[in-house]
Amino acid sequence: MHKRILTSLVLVSFSLLISLASDFTVTSPNGRLTAIVEDNGALMFSVRLDGVALMSPSFIGLTLADGTTIGRNGHIGFMRKSVVTDDTDAPFYRQRHIHTTANQIDIKMKGGFGMQVRAYDEGVAYRFYTTRKGETVIKNEVAEYDFGSDAKGWLAYSTNKEKPFAMAFQNTYDVTPLSQAQETPVFLPVTIEKDGCVNAKVTILESDLRQYPGMFVAVKKTNGQGEQDITLNALFAPYPKKMEYYKWRGMSYVSETEEFIAKSTGARTYPWRVFAVSEQDTEMPVNNLVYTLASPNEIGKTDWIKPGKVAWDWWNDWNLRGVKFKAGINTETYKYYIDFAARFGLQYIVLDEGWYDSSKGNIMNPIADIDLSGLIAYGKEKGIDIVLWTVFNVLDEHLDEACRKYSAMGVKGFKVDFLDRNDQTAVEMAERIARHCAQHKLFLDYHGFYTPTGLSRTFPNVLNYEGVFGMEECRWAKKETDMPLYDVTFPFIRMMAGNVDFTPGAMRNGTRSNWVECYEKPVSMGTRCHQAACYVLHDSPFTMLCDAPTNYEREPDYTKFIASIPVVWDETRVLQGEMGKYIIVARRLGDVWYVGGQTSWDERDVEIPLSFLDEGSYTTTLLTDGINAHHDAEDYQLDTQIHHNGESLTIHMASGGGFVLKLGKFTIVDHF
C-alpha cells in the first residue's frame with residue numbers, strides 16, 4: 001500500500017513539473033534539430049541545429065476578434081509527448097512512397113487552444129489548434145521570426161504594391177541581406193541563410209492550408225538598443241467582405257475586407273508553419289515536409305487520374321505554319337494539335353482561353369468555331385484526351401452543371417486560372433473545386449494560383465500548380481530579366497512546396513546576347529537543351545509542350561525524345577547543385593534513369609559519376625548543347641553510347657545550357 005501511494009505521488013509530481021515548466025523542447029529523431037517553446041509572459045518559438053540558434057526566440061500567437069491574444073500572459077497549460085510516423089503512397093509526387101518520423105509535443109493552452117510542435121530530421125513545424133465549440137474568429141496570427149540582422153534572404157516580393165495580397169505569386173528572388181531588404185510583403189517559400197554561425201539554410205513554408213488565409217512575411221526593421229532589430233513578420237490577407245468583377249474574363253476580385261483574417265466553427269487545426277533545414281543545397285528540392293504534413297487523401301482511389309504531357313496552344317499563339325486552314329481558336333486547329341499529340345505519344349491537348357466567351361464567363365457554351373463534341377470524339381479515335389481552361393470563380397459559380405456536362409462529354413480535367421489571391425474564401429474555393437471535380441473524375445491544373453501547401457496529398461486530382469515565374473514570362477520579359485538564373489534557383493526553393501507548372505518546351509531559343517522579346521513568337525532564354533532538362537528537373541506530372549506543333553514536327557528526333565520522358569517517378573535524387581548556379585537531378589522509373597542538368601548564364605563542365613546505378617552496363621542517350629550553342633542556342637547533339645556504372649561522364653553546358661541523359665540496362669537487343 002505504501003508503494004502504491006509513493007508511485008502516485010511521483011506521477012503527480014511529474015505532472016506538476018510539466019504543467020509549471022516555462023519552456024518545452026522537442027528534438028528530431030537524429031538528435032540534431034531542436035524546437036523550443038518558451039512561455040515567459042509571451043509565447044516564444046526558436047529552432048536550433050546542434051545547439052546553435054537557426055532562429056532565435058520569436059513571438060508567435062493568435063489574436064482573437066475580442067482582442068485576446070493566445071500566446072500572451074501565461075496561456076500554456078500542460079504538454080504531451082509522442083512519436084509520429086507517416087507512411088504514405090504519393091502517386092503523382094517526386095517519389096512513389098514517403099516515410100517520415102517526427103517527435104511531437106502537444107501543448108494545451110488556456111481558452112480552448114493548443115499547439116503542436118514536430119521535429120523531423122529535415123526540419124521543424126508548429127501549428128495551433130482549437131477545441132472550442134461555436135464560432136472562432138481570428139483577427140490575426142502573430143509571428144515575428146528572428147533570424148538575426150546579418151541573415152541573408154531569398155525573397156519573392158508581391159508584384160502588386162497597392163494591393164499586395166492580389167497577384168499571381170510569380171516573381172524572381174531578391175537575394176539580399178535582410179538589413180537591406182524591402183519591407184514589401186513576400187510570398188512563401190522564403191529561404192534564409194544565417195551568417196557564419198552555422199552552415200545551414202532555413203526555408204519557411206506552410207502546409208495543410210484549409211479554411212484559412214495563406215501566409216506572407218515582411219521584413220520589419222526597428223531600432224533596438226544601439227543596433228537595428230530585424231524580424232520577418234507574418235502577414236495575412238483579410239477575410240473578404242465584398243466581391244466585384246472585372247469585365248474581362250468575368251474574374252472576381254476582393255473590393256472590401258473585414259477586420260479579421262479567418263473564421264470557422266467548432267474544433268479545428270490551423271496550418272502548419274514549416275521550417276525546412278538544409279545543410280546542403282542538394283537536400284532542398286527533395287524535402288518532403290509540406291507533403292507529409294498535409295491531410296491524407298480524401299477522394300479515395302486515384303487509378304482514374306492519368307498524368308501526362310499536353311500539347312498547349314496559348315504560349316505559341318496558335319502559330320501553325322504550312323497548313324491549309326486559318327490557324328486559331330477553331331476546330332481545324334485543335335484537330336491538328338490532336339494529330340500532333342498522337343504522332344508523338346502525348347496524352348492530352350488543352351483548349352486554353354478563347355474556347356468559350358470569357359468576357360461573359362460563358363463556360364457552359366463553346367464559341368461557334370469550336371465543335372467540342374466533335375473534337376472529343378476525334379481525340380478518342382487518336383487516343384488523345386482534352387482539358388479545358390477556365391477561370392476559378394467562373395467554374396465555381398457553375399460547378400455542378402459544368403462538372404456534370406463536361407465529364408459526361410468525356411473531358412478529363414480543367415486548367416483553372418486567375419485565382420490570384422490566397423485569402424480564406426479563395427482557399428475554400430480551391431478545395432471546393434477539387435472535391436467536386438474528384439466526384440466527377442476530373443483532374444485539375446491550378447494556374448494563377450498561390451504556392452502549393454500540400455493540397456495534392458489531400459486531393460490527388462490536383463496534379464499541378466503554377467505559382468512560379470515560368471515560361472509565360474518570356475512573352476513579355478525584358479532583356480535584363482535573368483531567366484536562367486531563376487531556373488537554377490527556384491527548384492531549390494519553390495519545389496519544396498510541391499509540383500510546378502513551368503510550361504517548358506520552347507523551340508525558339510536565345511543566348512544572352514541575341515535573345516529578343518516577342519509576344520507573338522516567343523523565345524526562351526538559354527539553350528534548347530536547357531528547355532529539355534526541365535522535363536527531368538521539375539516535379540510536374542501534368543506538363544506542357546509549349547511550342548507550336550509545326551515547330552516540333554520539323555525536328556522529330558528531338559521531339560520524340562522529350563515527349564518520351566516520364567512525368568511520374570519512383571525515385572528522385574539531386575546529384576549535384578548550388579542554388580543560383582546549377583542543378584543536376586536524377587530520377588528513376590522502373591529500371592530506367594533520367595538525369596537532367598541546367599546552368600545559369602555561366603557555362604559549366606560537370607562530371608557525373610554513374611555510381612548511383614546498379615552494377616552493369618547501360619545504353620545511354622545523351623542530349624547536350626551543340627558545339628555552337630554559345631552562338632546559336634538551338635544547337636544540340638543527340639547521341640547514344642554504352643557506359644558502365646563505374647564510369648564518370650564529363651558534360652559541357654553552354655551559357656544558359658543544359659542536358660538530358662537517359663540510362664537503361666544494356667541488352668543485346670538494344671545493341672543490335
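Values in this document were obtained by computation on a predicted structure and should not be read as measured data.
- No donor-acceptor pair under 3.5 Å is formed between the side chain of E517 and the backbone N or O of K478.
- For R118 (side chain) and V84 (main-chain N/O), no donor-acceptor pair under 3.5 Å exists by modelled atom type.
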Determine, step by step, whether V595 and I584 satisfy the side-chain contact (heavy atoms from CB on, under 4.5 Å) criterion, reporting the C-alpha distance in whole Å, the side-chain angles of both residues, the deciding distance to 0.1 Å, and the verdict. CA-CA 7 Å; V595 182; I584 299 174; 3.6 Å; yes
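- The shortest side-chain heavy-atom distance between L155 and V190 falls under the 4.5 Å cut-off.
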Please set out all donor-acceptor pairs under 3.5 angstrom arising from side-chain atoms of residues 603-610, sequence neighbours excluded.
from	atom 1	to	atom 2	distance (Å)
E603	OE1	H652	NE2	3.2
R604	NE	T599	OG1	3.3
D605	OD1	H652	ND1	2.7

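- With hydrogens and angles disregarded, a donor-acceptor distance shorter than 3.5 Å links the side chain of Y446 to the backbone of A430.
- Partners of D385 by salt bridge (charged side-chain N to carboxylate O under 4.0 Å, His left out), not counting sequence neighbours, listed by chain and number: K380.
- A donor-acceptor pair is defined here as one N or O able to donate and one able to accept, closer than 3.5 Å; such a pair exists between the side chain of N464 and the backbone of V500.
- Applying the salt bridge (charged side-chain N to carboxylate O under 4.0 Å, His left out) test to residues at least two apart or on different chains, the pairs with a partner in residues 310-319 are D317-R475.
- Using a cutoff of 4.0 Å between basic side-chain nitrogens and carboxylate oxygens, D339 and K382 are scored as salt-bridged.
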Give the C-alpha distance, both sets of side-chain angles, the deciding distance and a yes or no for side-chain contact (heavy atoms from CB on, under 4.5 Å) between K415 and D352. CA-CA 8 Å; K415 175 184 174 183; D352 213 287; 2.8 Å; yes
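- Every pair passing side chain to side chain donor-acceptor pair (under 3.5 Å) that includes a residue from residues 341-350 is listed here, sequence neighbours excluded: R343-E553.
- Every side chain to side chain contact (heavy atoms under 4.5 Å, CB included) that A200 has, sequence neighbours left out, goes to L49, L54, V198, V277, E279.
- Judged purely by atom type and a 3.5 angstrom limit, T282 has no side-chain atom pairing as donor or acceptor with the backbone of L575.
- P189 meets the side chain to side chain contact (heavy atoms under 4.5 Å, CB included) test with T203, L205, T451, I493, A497; sequence neighbours excluded.
- Of all the heavy atoms in T481 and F469, the pair that sits closest is CG2-CE2, 3.9 Å.
- The salt bridge (charged side-chain N to carboxylate O under 4.0 Å, His left out) check on D281 picks up K201, with sequence neighbours excluded.
- For W601 (side chain) and R512 (main-chain N/O), no donor-acceptor pair under 3.5 Å exists by modelled atom type.
- For F344 and Y552, the ring centers are positioned 6.0 Å apart or more.
- Using a 3.5 Å distance cut-off with no hydrogens or angles, the side chains of S456 and Y465 do pair a donor with an acceptor.
- Nearest heavy-atom pair, L320 versus A327, reported as atom, atom and distance to 0.1 Å: CB-CB, 4.0 Å.
- Using a distance-only test at 3.5 Å, with no hydrogens or angles considered, a donor-acceptor pair links the side chain of D208 to the main chain of S295.
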Might you work through the side-chain contact (heavy atoms from CB on, under 4.5 Å) test for I384 and I349, ending with a clear yes or no? CA-CA 7 Å; I384 303 299; I349 71 162; 4.0 Å; yes
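- Among all heavy-atom pairs drawn from N171 and F187, the shortest one is N-CZ, 3.8 Å.
- Annotation for H631: atom NE2 does not count as buried by contact number, only 12 or fewer foreign heavy atoms lying within 6.0 Å.
- Here the shortest heavy-atom pairing between P29 and T101 reads CG-O, 3.5 Å.
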Atom pairs and distances, donor-acceptor, side-chain atoms in residues 526-538, under 3.5 Å, two or more places apart:
from	atom 1	to	atom 2	distance (Å)
T527	OG1	C529	N	3.4
T527	OG1	H530	N	3.0
T527	OG1	D625	OD1	2.7
R528	NE	N509	OD1	2.8
R528	NH1	E555	OE1	2.9
R528	NH1	E555	OE2	3.4
R528	NH2	M507	O	2.7
R528	NH2	E555	OE2	3.4
H530	ND1	G656	O	3.1
H530	ND1	G657	O	3.0
H530	NE2	D487	OD2	2.7
Q531	OE1	G505	N	2.9
Q531	OE1	A506	N	2.9
Y535	OH	P504	O	3.1
Y535	OH	M544	O	3.0

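- Put simply, the side chain of M471 reaches to within 4.5 Å of the side chain of F502, judged on heavy atoms.
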Evaluate I562 against K309 for side-chain contact (heavy atoms from CB on, under 4.5 Å), listing each step before the verdict. CA-CA 10 Å; I562 63 169; K309 287 195 174 75; 5.8 Å; no
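- If you look at W593 and Y618, their ring centroids are not closer than 6.0 Å.
- Remark: side-chain polar atoms of N316 are paired, donor with acceptor, to backbone N or O of C546 under 3.5 angstrom.
- Residues satisfying the side chain to side chain contact (heavy atoms under 4.5 Å, CB included) criterion with V516, sequence neighbours excluded, are V523.
- Residue K560 qualifies as open at atom NZ: its count of foreign heavy atoms under 6.0 Å is 12 or below.
- Side chains of M496 and L289 form no contact here, defined as non-hydrogen atoms less than 4.5 Å apart.
- Aromatic ring orientation, Y486 versus Y173: parallel (interplanar angle below 30°, classes split at 30° and 60°).
- With hydrogens and angles left out, the side-chain atoms of S28 and N30 include a donor and acceptor closer than 3.5 Å.
- Note that the OG atom of S207 and the CG atom of L188 stand 12.0 Å from one another [nearest 0.5 Å].
- Applying the side chain to side chain contact (heavy atoms under 4.5 Å, CB included) test between I98 and each of T88, D86, D87 identifies T88 as the sole match.
- Panel note: side chain S600, backbone L485; no donor-acceptor pair is recorded below 3.5 Å.
- Not counting sequence neighbours, E122 has no partner by the salt bridge (charged side-chain N to carboxylate O under 4.0 Å, His left out) test.
- The salt bridge (charged side-chain N to carboxylate O under 4.0 Å, His left out) pairs that include a residue from residues 568-589 are R96-D570, D539-R587, D570-R588, E571-R573, E571-R588, E578-K581, where partners are two or more places apart or lie in different chains.
- Between R457 and A294, the shortest heavy-atom distance links the atoms NH1-O, 3.4 Å.
- Side-chain contact between P91 and I305: absent, with no pair of heavy atoms (C-beta onward) separated by less than 4.5 Å.
- Remark: side-chain polar atoms of K479 are paired, donor with acceptor, to backbone N or O of S513 under 3.5 angstrom.
- Under the side chain to side chain donor-acceptor pair (under 3.5 Å) criterion, the residue pairs touching residues 493-508 are H447-D501, with sequence neighbours excluded.
- Of all non-hydrogen atoms in L442 and W304, the two that sit nearest each other are N-CZ3, 3.4 Å.
- Here OH of Y558 is found 6.5 Å from CG of L623. Values are rounded to the nearest 0.5 Å.
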